[in-house]
Asks: 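Structure incoming, see below.
Every chain is numbered from 1 and lettered A, B, ... according to where its sequence line falls, protein lines coming before strand lines.
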Amino acid sequence: MELTVAKIAQLLKGVIVGKGDTKINQLSKIQEGEPGSVTFLANPKYENYIYTTKASAVIVKKGFTPLKPVEATLIFVEDPYTSFSLLLEEYYKIISSRKKGVEEPAYLGKNTITGQNIYRGAFSYVGDNVKIGNDVKIFPHVYIGDNVYIGDQTIIYSGVKIYKDCVVGNHCVIHAGTVIGSEGFGFAPQADKGYRKVPQLGNVILEDRVEIGANTAIDCATLGSTIIRAGVKIDNLVQVAHNVEIGKNTAIAAQSGISGSSKIGPSCILAGQTGVVGHVEIGEATTIAAQSGITKSFKKGGEVLLGSPGFEKKKYLTCYALFKKLPELAEKIKNLEKITKFVT
Amino acid sequence: MELTVAKIAQLLKGVIVGKGDTKINQLSKIQEGEPGSVTFLANPKYENYIYTTKASAVIVKKGFTPLKPVEATLIFVEDPYTSFSLLLEEYYKIISSRKKGVEEPAYLGKNTITGQNIYRGAFSYVGDNVKIGNDVKIFPHVYIGDNVYIGDQTIIYSGVKIYKDCVVGNHCVIHAGTVIGSEGFGFAPQADKGYRKVPQLGNVILEDRVEIGANTAIDCATLGSTIIRAGVKIDNLVQVAHNVEIGKNTAIAAQSGISGSSKIGPSCILAGQTGVVGHVEIGEATTIAAQSGITKSFKKGGEVLLGSPGFEKKKYLTCYALFKKLPELAEKIKNLEKITKFVT
Amino acid sequence: MELTVAKIAQLLKGVIVGKGDTKINQLSKIQEGEPGSVTFLANPKYENYIYTTKASAVIVKKGFTPLKPVEATLIFVEDPYTSFSLLLEEYYKIISSRKKGVEEPAYLGKNTITGQNIYRGAFSYVGDNVKIGNDVKIFPHVYIGDNVYIGDQTIIYSGVKIYKDCVVGNHCVIHAGTVIGSEGFGFAPQADKGYRKVPQLGNVILEDRVEIGANTAIDCATLGSTIIRAGVKIDNLVQVAHNVEIGKNTAIAAQSGISGSSKIGPSCILAGQTGVVGHVEIGEATTIAAQSGITKSFKKGGEVLLGSPGFEKKKYLTCYALFKKLPELAEKIKNLEKITKFVT
């Protein structure tokens with residue numbers, strides 16, 4: 001970011017008190033501000049930091065009156081938090097758009113079409129018959145198999161592996177090390193106690209605006225497609241098995257796993273380290289609490305589930321509170337037995 | 001796949017009604033069939049789809065009589081499901097064998113011997129003193145360290161990392177992003193509260209027909225070998241620690257973890273997200289249910305375990321059913337206390 | 001290792017009985033010793049193996065008198081176990097230091113400074129404005145983003161991905177496939193049920209002597225830094241979310257996950273598959289038992305926690321023992337109800 005304080009003030013429609021020509025190359029928290037950074041003061045309990053911060057500029061609310069001298073340049077705006085968020089997004093756009101062109105060596109297969117304004121990093125591999133949209137960024141060490149489709153504006157970070165025939169929509173982000181389209185865990189037990197492989201011939205479809213974290217694995221379908229609907233957000237180290245469908249705008253936190261052929265509805269939240277068995281259906285806007293294991297369908301939607309096997313969260317917490325009181329309950333039973341023995 | 005309907009019928013020993021010269025390049029489900037695909041009708045409840053499918057050909061049972069006009073070419077066979085499975089396997093073989101030769105740049109170390117008919121993708125790395133068998137496929141971005149041995153017919157997908165000295169058998173499949181032979185978590189606590197590293201000098205041995213999913217990690221032994229026996233199937237994101245031994249034909253589902261020096265018997269099934277502590281032994285054909293945590297040896301074999309710590313599954317489910325009734329049980333105890341108080 | 005028995009004896013200040021000029025190229029367990037390997041006998045219950053081992057040399061305690069003929073050369077030392085550990089460490093140093101220089105093609109960005117005696121493997125990628133210290137090893141397929149700092153003596157194994165702006169200290173080890181600095185799971189829910197991305201602009205700091213296993217993911221901070229303090233050891237497939245801080249010398253076993261902004265104290269132990277929710281604080285030297293889920297702060301330190309939600313381990317085990325007796329407790333309640341019904 002090669003911005004000046006003046007340019008930031010202009011962007012935020014703010015008023016400067018101090019030096020407008022200071023160059024800014026970083027955004028920081030007020031308690032960690034370094035020279036060359038811009039920060040903000042929204043919560044009054046952080047006010048003390050404004051008198052000691054080394055940040056070059058601080059975004060403050062119109063009407064703010066310092067109680068002591070301030071070294072930093074001040075930018076007065078209507079709402080410092082919103083302004084800073086806006087600045088974050090602008091800054092993010094600037095740094096995200098830096099990478100352009102092709103770094104050699106990069107491998108490009110036959111009959112492959114690449115759009116305008118794309119970045120292909122060194123050691124990236126794009127197979128045959130691939131179609132890549134405009135403004136796509138393919139970082140170093142990315143592998144894109146044959147016949148893959150990548151939509152516009154999508155960012156694929158270093159080391160992502162996308163198997164043949166998969167489809168990635170527009171405005172998707174896939175973080176480093178994630179694998180899309182690996183063969184599912186399909187093995188038919190045989191009489192000799194060994195397994196026979198069930199060929200996995202389908203693909204994975206990521207619709208638009210899907211974001212996936214690092215080192216996650218999404219298996220291809222046996223036939224047809226494993227489908228991740230538009231707007232889905234998946235965290236790091238998540239397992240999505242073959243033929244799963246994840247509904248629109250569902251969010252799945254780290255280290256969760258969905259077994260084969262299960263269908264998760266739209267707008268669900270799966271907290272961290274949850275598991276869902278195969279061939280079940282989870283209704284719209286269901287929340288699955290952390291570390292829960294879902295072993296049957298919950299189609300109703302809107303439920304909050306906890307436990308392994310999971311059931312209604314409130315009920316689970318009541319039971320768990322009593323689980324913690326089991327020593328007392330056992331003691332009470334013992335006493336009751338003494339009393340009844342005495343009585344009878 | 002450049003097959004015609006006639007060629008497929010010949011392969012399946014089936015009889016064609018319709019056009020034999022139609023080209024087939026995909027296999028599909030009957031409800032999703034596209035032109036150029038072949039599908040099958042085995043379950044009568046899907047019969048309706050045969051009248052609307054856009055698939056070019058449908059495999060049907062001998063004796064099947066359509067109730068309405070069918071556009072697709074029909075292939076009559078004894079058992080449509082078995083025939084389709086056979087076709088899946090044939091198709092899988094064809095598409096799996098496409099990749100051949102060496103794509104440059106690919107790195108090959110000194111004193112390394114590679115067999116006949118192998119594929120080495122661009123940006124693949126094969127170190128010194130490596131021995132690679134016949135018909136092996138090494139996809140782009142694979143790393144094979146020094147002194148590694150890879151058997152015949154083995155497929156190593158993009159981004160797999162195999163550390164030095166490891167041994168991979170014949171007919172193995174390793175999916176993208178998996179790491180074989182990383183150093184185990186061996187650290188000796190010191191008086192100063194820090195840790196001293198225990199050098200990890202062993203390797204990993206995968207015997208024949210081992211299949212491993214994506215982004216799994218298998219650590220090398222401290223000394224000697226971490227051993228994965230013939231026919232073992234391991235899913236995505238699984239952790240196998242140093243000096244573990246997994247018995248023949250055992251299957252381990254996604255996100256499970258086996259701690260150091262534990263020994264899992266043959267023909268076991270570990271469902272998803274299970275954990276096994278270190279230095280224990282699990283007997284032949286033991287099943288560990290999803291999310292269970294095994295904290296001691298279960299050597300008997302044939303048991304089904306559930307819970308964390310895990311024990312006999314049936315007993316666990318009985319206890320868990322009562323856990324869900326704890327509010328009622330607590331109420332009953334309260335009532336009993338009232339009554340006994342009244343009586344005594 | 002091109003060592004002779006004589007050289008090893010010299011290193012260990014031991015006395016040889018047998019052939020000093022035998023070449024040694026491996027370390028082994030006594031029960032698995034092969035010609036060319038050296039092993040040790042510390043525990044008397046393994047004495048039988050010394051008469052049958054094929055190892056070329058065995059390290060034994062001064063005063064040891066064989067009861068039968070021994071073929072291997074013996075090296076007499078004060079403490080065979082300590083001597084063998086020393087030998088392990090020496091051997092590890094020798095094999096670890098083999099890789100040197102630059103294997104082409106390797107990518108080096110602009111304004112990047114690399115120290116002395118470093119290894120950059122083929123297909124490794126080092127971005128712009130990077131600073132790399134002395135004696136650093138960067139294995140094939142490693143990605144190092146722009147503005148990264150790597151300290152002296154650090155080893156980065158194949159396929160590690162380090163995002164821009166991250167800092168890695170001295171004497172760190174990062175195993176294959178691990179991702180450092182990916183964007184955290186920050187999405188603000190919107191009125192239309194979709195999510196708006198919260199830009200992630202911070203970095204990750206690994207202090208000195210941090211070791212990280214394979215396929216782990218550590219997200220960058222939203223602003224500021226995700227911090228892994230000196231001496232921390234992290235195992236395979238671990239998730240560390242944005243803005244987390246892990247205290248000095250804490251050890252985290254495989255498949256554990258720490259959610260955003262949580263602070264783990266120094267000298268803690270997190271066993272395998274544990275989870276910690278976001279925005280909590282765990283005190284110094286706390287132990288979290290395997291598969292536990294920590295849902296609130298435990299600031300006291302020194303506690304041992306178990307369960308999901310986790311609490312004091314001893315208490316948990318008492319409750320769990322009673323959970324296993326719930327069928328009996330329920331039976332007792334039933335009997336009590338019968339008796340009281342009879343009495344009243």
Asks: Would you find more than 12 non-hydrogen atoms of other residues, nucleotides or ligands less than 6.0 Å from C/K197 atom NZ?
Replies: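 Counting neighbours around NZ of C/K197, more than 12 heavy atoms of other residues, nucleotides or ligands fall under 6.0 Å, so yes.
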Asks: How long is the straight-line distance from NZ of C/K332 back to CG of A/L336, given to the nearest 0.5 Å?
Replies: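 That separation rounds to 11.5 Å.
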Asks: Determine the option with the most heavy-atom pairs under 4.5 angstrom with chain C, choosing from A/L329, A/V173, A/I234.
Replies: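 Sorted descending by pairs with chain C, the first entry is A/I234.
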Asks: So, for A/H141 and C/V142, which heavy atoms are closest and what is the spacing to 0.1 Å?
Replies: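 Closest heavy-atom pair between A/H141 and C/V142: CE1-O, 3.3 Å.
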Asks: Can we say C/E312 and A/K324 salt-bridge, meaning some charged N sits less than 4.0 Å from an Asp/Glu carboxylate O?
Replies: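 The answer is no: the pair does not qualify as a salt bridge.
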Asks: Tell me whether the centres of the aromatic rings in C/Y316 and A/F323 are closer together than 6.0 Å.
Replies: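 Centroid distance C/Y316-A/F323: below 6.0 Å, so yes.
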Asks: Looking at OG1 of A/T340 and NZ of C/K338, how far apart are the two atoms once the value is rounded to the nearest 0.5 Å?
Replies: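 Spacing of OG1 (A/T340) from NZ (C/K338) equals 13.0 Å.
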Asks: What part of C/K193 lies closer than 4.5 angstrom to a heavy atom of chain A: side chain, backbone, both or neither?
Replies: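 Answer is both: backbone and side chain atoms of C/K193 are under 4.5 Å from chain A.
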Asks: If we count only N and O atoms by modelled type, under 3.5 Å, do the side chains of C/K161 and A/H175 hold a donor and an acceptor together?
Replies: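 No, because no side-chain N or O of C/K161 sits under 3.5 Å from a partner of the opposite role on A/H175.
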Asks: Could you pull out the closest heavy-atom pair between C/F185 and A/K233, with the gap in Å?
Replies: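 Nearest pair, atom of C/F185 first, then A/K233: CZ-O, 3.5 Å.
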Asks: Can a side-chain donor-acceptor contact be found between C/Y125 and A/E103 if the only test is distance below 3.5 angstrom?
Replies: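 Short answer, yes.
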Asks: Flag the pair A/L326 / C/L326 as yes when at least one side-chain heavy-atom distance between them is below 4.5 Å, and no otherwise.
Replies: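 Answer yes - side chains close enough.
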Asks: Non-hydrogen atoms of chain A under 4.5 Å away: do they reach the side chain of C/L223, the backbone, both or neither?
Replies: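 Both backbone and side chain.
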Asks: Between A/R98 and C/D128, does any NZ, NE, NH1 or NH2 come within less than 4.0 Å of an OD or OE carboxylate oxygen?
Replies: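 Not counted as a salt bridge, because no side-chain N and carboxylate O are separated by less than 4.0 Å.
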Asks: Using non-hydrogen atoms and a 4.5 Å limit, figure out which bit of C/N335 sits close to chain A: side chain, backbone, both or neither.
Replies: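 Neither; nothing under 4.5 Å.
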Asks: Quick one: what part of A/L306 sits under 4.5 Å from any heavy atom of chain C, side chain, backbone, both or neither?
Replies: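 Looking at A/L306, nothing touches chain C.
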Asks: Give, as side chain, backbone, both or neither, the part of C/S259 having an atom under 4.5 angstrom from any heavy atom of chain A.
Replies: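 Neither part.
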Asks: Without swapping roles, check the side chain of A/Q255 against the backbone of C/S256 for a donor-acceptor pair under 3.5 Å.
Replies: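 Present.
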Asks: Within a strict 4.5 Å, meaning less than it, do heavy atoms of the A/E211 and C/F187 side chains meet?
Replies: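 Yes, close enough: below the 4.5 Å cut-off.
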Asks: Under a 4.5 Å cutoff for heavy-atom pairs, which residue among C/T295, C/V198, C/L237 has the most contacts with chain A?
Replies: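 Of the candidates given, the most pairs with chain A belong to C/L237.
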Asks: For the rings on C/Y143 and A/F123, is their centre-to-centre separation under 6.0 Å?
Replies: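 No, too far apart.
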Asks: Whether the side chain of A/N215 engages the backbone of C/T178 through a donor-acceptor N/O pair (distance < 3.5 Å, no angle test) should be reported.
Replies: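 Not at all, since once roles are kept as given, no pair shorter than 3.5 Å links the two residues.
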Asks: As an exercise, state the distance from OG1 of C/T222 to CG of A/L27, rounded to the nearest 0.5 Å.
Replies: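 The distance works out to 12.5 Å.
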Asks: Which residue out of A/V232, A/L317, A/I333, A/D235 racks up the most heavy-atom pairs below 4.5 Å with chain C?
Replies: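 Ranked by heavy-atom pairs under 4.5 Å with chain C, first place is A/D235.
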Asks: Relative to chain A, which segment of C/L322 carries a heavy atom at a distance below 4.5 Å: side chain, backbone, both, or neither?
Replies: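 C/L322 touches chain A through backbone and side-chain heavy atoms alike.
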Asks: Counting only non-hydrogen atoms closer than 4.5 Å, does C/P309 touch chain A with its backbone (N, CA, C, O), its side chain (CB onward), both, or neither?
Replies: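 Its backbone and side chain both get close to chain A.
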Asks: Of the backbone (N, CA, C, O) and the side chain (C-beta and beyond), which part of C/A214 lies under 4.5 Å from a heavy atom of chain A, both, or neither?
Replies: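 Neither part; nothing is under 4.5 Å.
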